[in-house]
2 protein chains.
Amino acid sequence: MEIRRDIFQAIADPTRRAIIALIATQAMTPNALAEHFHTSRQAVSKHIKILTECDLVKQEQQGREIYYSLDIQKMKEIDKWLDQFRKLWETQFNQLDEVLATLKKQKK
Amino acid sequence: MEIRRDIFQAIADPTRRAIIALIATQAMTPNALAEHFHTSRQAVSKHIKILTECDLVKQEQQGREIYYSLDIQKMKEIDKWLDQFRKLWETQFNQLDEVLATLKKQKK
DNA sequence: AATAAGTGCAATTATCTGGTTGCGCAAATT
DNA sequence: AATTTGCGCAACCAGATAATTGCACTTATT
């Protein structure tokens, strides 16, 4: 039962963003994650479920513990969406550069 | 009364992302925007309010019409947040490149 | 075998969210 | 002057969300 989730909705929650940042570099268990926040383990578990539903996390069971880690490649989707704007803000920057260059020229 | 808003929560809604994309290249009025979606002008107005509260849009009044446009520079904040992960996925890619290169070498 | 530890799931609840409808106000049109 | 147009705001409502609590299951420890 794979519910399709939106990655943008997934990163909307600040706790979830913090979890993402934590498991980006090393796999962690729900208990270990919960210690970083002022919430219960079950709350963390729900966040992880949401992250799983949009394929943002991988899991590896070791005995009774489950280690969750980030699927970093999935984060590219956000980067891909940003691409359409990246061109625009770079253009704006170049135009600003030109303006500054012109001002500099006039000063001389 | 400037309520502090989260840009990540702002882009969580698909309609809002569509609005952002539309006003990225040209300023538009709420009425013109509403025609692009299956919602009322008032609903669009609420979305714009949220986008305004996190400084994502600029407005320019012309008579009784208000033209809204995207503050593209603000979008960099998302890009900045992505930076911490960009390093990671690029490293992963390089490592994959190495593996592929090694495999290619062994074939020869 | 009994207990403790780690986990996910279900039920519940307060709050947030996105939408509609009905205003009131200012600017344009008649 | 009267009407139309474009707009934001407030009230309201159904559905989503994030958190807690209680439970059942599996795996380790005693």
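Residue numbers begin at 1 in each chain, while the letters A, B, ... track the order of the sequences.
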Would you indicate which nucleotide in D:dA19, D:dG8, D:dT20 comes nearest to any side-chain atom of B:Arg41? D:dG8

Between B:Lys74 and B:Asp55, the two heavy atoms sitting closest are CG-O, 3.5 Å

Could you give the CD1-to-P distance, from B:Ile48 to D:dG6, as a whole number of Å? 15 Å

Measure from the side chain of B:Ser40, starting at C-beta and using heavy atoms only, and say which of C:dG6, D:dG6, C:dT20 lies closest. C:dT20

Give a yes or no on whether a salt bridge exists between B:Arg17 and A:Asp6, defined as a side-chain N under 4.0 angstrom from a carboxylate O. yes

Looking at A:Asn31, does any N or O in its side chain come under 4.0 Å of the phosphate oxygens OP1/OP2 on C:dT7? yes

Under 4.0 Å between a side-chain N or O of B:Ser45 and OP1 or OP2 of D:dG8? yes

Nearest heavy-atom neighbours spanning B:Arg5 and B:Glu53: NE-OE1, 2.7 Å

Within this structure, what is the CG-to-C1' distance between B:Leu51 and C:dT17, rounded to whole angstrom? 14 Å

What's the separation between atom CD1 in B:Ile23 and atom CG in B:Leu51, rounded to the nearest 0.5 Å? 6.5 Å

The reported gap from NZ in B:Lys58 to CD in B:Gln73 (rounded to nearest 0.5 angstrom) is 8.5 Å

Test for a donor-acceptor pair under 3.5 Å between the base of D:dG8 and the side chain of B:Lys46, counting only N and O atoms. no

Same cluster or not: are A:Ile50 and A:Phe37 linked, directly or through other Ile, Leu, Val, Met, Phe, Trp or Tyr residues, by side-chain heavy atoms under 4.5 angstrom apart? no

Contact class for A:Gln59 (heavy atom, under 4.0 Å): base, sugar-phosphate, or nothing? nothing

Please give, in whole Å, the distance from C:dT17 C1' to B:Phe8 CZ? 20 Å

Out of D:dT20, D:dG8, C:dT20, whichever nucleotide has its closest atom nearest the side chain of A:Thr39: D:dT20

Enumerate all atom pairs, one protein N or O and one N or O from nucleotides 27-30 of chain D, separated by less than 3.5 Å.
| unit_1 | atom_1 | unit_2 | atom_2 | d |
| --- | --- | --- | --- | --- |
| D:dT27 | O3' | A:Arg64 | N | 3.4 |
| D:dT27 | O2 | A:Arg64 | NH1 | 3.2 |

Send over the distance from A:Glu60 CD to C:dG6 P, rounded to a whole Å. 18 Å

B:His47 side-chain N/O to C:dG19 phosphate OP1/OP2 under 4.0 Å: yes

Rounded distance (Å) that lies between atom P of C:dG18 and atom CG of A:Asp6: 12 Å

Atom pair distance, as rounded to whole Å: CD1 in A:Ile50 and P in D:dA16: 13 Å

Sequence neighbours left out, what passes side chain to side chain contact (heavy atoms under 4.5 Å, CB included) with B:Thr29? Give chain and number order. B:Asn31, B:Ala32, B:Glu65, B:Tyr67

Contact list for DNA chain C against residues 11-19 of chain B - heavy-atom distance below 4.0 Å: B:Asp13, B:Thr15, B:Arg16

If you count heavy atoms of other groups shown closer than 6.0 angstrom to CD of A:Gln61, is the number above 12? yes

Atom CD of B:Gln42 to atom P of D:dC9: distance rounded to whole Å? 12 Å

Using a strict 4.0 Å threshold on nitrogen-to-oxygen distance, state whether A:Arg86 and A:Asp79 make a salt bridge. yes

Basic-acidic side-chain contact under 4.0 Å: A:Lys87, A:Glu90: no

Figure out the NE2/P separation between A:His38 and D:dA19, and round it to whole Å. 12 Å

